[in-house]
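Notes for the one structure printed next.
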Amino acid sequence: MREEYFKNVAHIMAFAFEESGRQFIGYSNTASIMRLGEQRGASASTAPDDLTMQEAKAQAVWILKAADSALNDLEMALITLKYGKSSPVVVGAGQLVAREYMNYPDYTAELLLSNALEHDFTGRKWNHGNEDKEDWRSYPAKTHIAVVTGKHRKTIAKWADEIKTDIDKLMFASELILEQEFQHRGLIEDEEVELID
């Protein structure tokens, strides 16, 4: 059995977003990078040290294209929000997901999503501590959302839990789809369950 480059969906998607956003000097024609990824396919993923910068970029673009073709827009946006937080496309992904939760008033949906995904896509920092202890994080706590939106904390907690549950279900389903897709393409190992007598 050959050593696989990618361990799981988390590993492969983190790699893809990081490498696709990496800038390097030299050959960077996107169409040719895509062709290289499609030609090499999984064969380009034998070991991280064996990939040139161009091959890593091609592999990343190819992985994102495969993920995008396997998932619907909402699923891909959630995967982007989870694994591509430093990617330039994260803002558009956040807006797409927020549209799914427009039944919440004002800009509450954006803050609730930031809480659920533990990342504020507006770039703000929130103090989760108290006056005696600074504890800054990149997402708002439920208490902060209640203060900012003027809603009762119990209401915000209920909404946040609803969104978190919904997102967790969608994310789990999306990652299962990607796992099957990447196993089919030979990028991660297809583990067979051994029956024990």
Side-chain angles (χ1 to χ4, degrees), residues 1-100 113-114 116-121 123 138-139 164 166-193:
M1 178 178 73
R2 72 182 175 95
E3 182 182 341
E4 297 292 335
Y5 175 24
F6 298 109
K7 300 180 184 97
N8 51 39
V9 170
H11 186 203
I12 197 170
M13 293 311 297
F15 164 86
F17 280 110
E18 182 180 344
E19 289 297 328
S20 67
R22 191 183 304 273
Q23 298 294 319
F24 63 90
I25 297 170
Y27 186 80
S28 62
N29 180 291
T30 304
S32 295
I33 287 174
M34 287 292 293
R35 276 195 300 278
L36 176 65
E38 289 168 357
Q39 289 163 4
R40 298 278 314 268
S43 68
S45 67
T46 53
D49 296 337
D50 292 341
L51 294 175
T52 66
M53 292 175 80
Q54 183 185 346
E55 287 172 335
K57 181 90 167 184
Q59 184 77 331
V61 173
W62 185 76
I63 288 165
L64 291 176
K65 183 181 173 190
D68 194 50
S69 68
L71 301 174
N72 66 35
D73 290 344
L74 177 60
E75 292 165 341
M76 188 62 197
L78 285 170
I79 291 294
T80 301
L81 292 177
K82 183 170 182 179
Y83 296 109
K85 288 179 181 173
S86 61
S87 171
V89 297
V90 77
V91 174
Q95 291 169 346
L96 193 151
V97 174
R99 283 198 299 268
E100 292 293 314
L113 283 170
S114 294
L117 295 161
E118 298 186 352
H119 181 82
D120 193 330
F121 304 100
S138 61
Y139 63 94
K164 178 83 169 113
D166 194 44
I167 283 177
D168 285 348
K169 286 179 184 174
L170 287 167
M171 195 75 75
F172 180 76
S174 301
E175 289 179 334
L176 278 180
I177 292 167
L178 288 181
E179 183 177 46
Q180 292 172 352
E181 181 69 18
F182 295 142
Q183 284 173 348
H184 174 72
R185 292 174 181 257
L187 293 169
I188 53 179
E189 189 176 351
D190 187 359
E191 296 178 7
E192 293 184 6
V193 179

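Of all heavy-atom pairs between Ala60 and Ser20, the closest is CB-N, 3.6 Å. Of all heavy-atom pairs between Ser69 and Arg185, the closest is OG-NH2, 4.1 Å. Nearest approach of Phe17 to Ile79, heavy atoms of both residues: CE1-O, 4.1 Å. The two atoms that bring Leu113 and Gly94 nearest to each other are CD1-O, 4.4 Å, heavy atoms only.
Using a 4.5 Å heavy-atom cutoff, the side chains of Glu181 and Leu187 are not in contact. Between Tyr139 and Leu117, the closest side-chain pair of non-hydrogen atoms is not below 4.5 Å. Residues Glu100 and Asp166 fail the side-chain proximity criterion, which asks for heavy atoms closer than 4.5 Å. Side-chain contact between Met171 and Lys82: present, with at least one pair of heavy atoms (C-beta onward) separated by less than 4.5 Å. The shortest side-chain heavy-atom distance between Glu175 and Met13 does not fall under the 4.5 Å cut-off. When side chains are defined from C-beta on, Glu179 does not count as touching Asn8, because their heavy atoms never get closer than 4.5 Å.
The main-chain N or O of Ala16 is never found under 3.5 Å from a side-chain atom of Glu19 such that the two would form a donor-acceptor pair. Distance alone, capped at 3.5 Å, is enough to place a donor-acceptor pair between the His11 side chain and the Lys7 backbone.
Put simply, CG on Leu178 and CD1 on Ile12 are 8.5 Å apart, with the number rounded to the nearest 0.5 Å. Note that the CG atom of Leu74 and the CD1 atom of Ile167 stand 8.5 Å from one another [nearest 0.5 Å]. With rounding to the nearest 0.5 Å, the separation of CD in Glu75 from CG in Asp73 is 9.5 Å.
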Test side-chain contact (heavy atoms from CB on, under 4.5 Å) applied to Gln59 and Phe15, step by step = CA-CA 9 Å; Gln59 184 77 331; Phe15 164 86; 3.8 Å; yes
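If you look at Phe6 and Phe182, their ring centroids are not closer than 6.0 Å.
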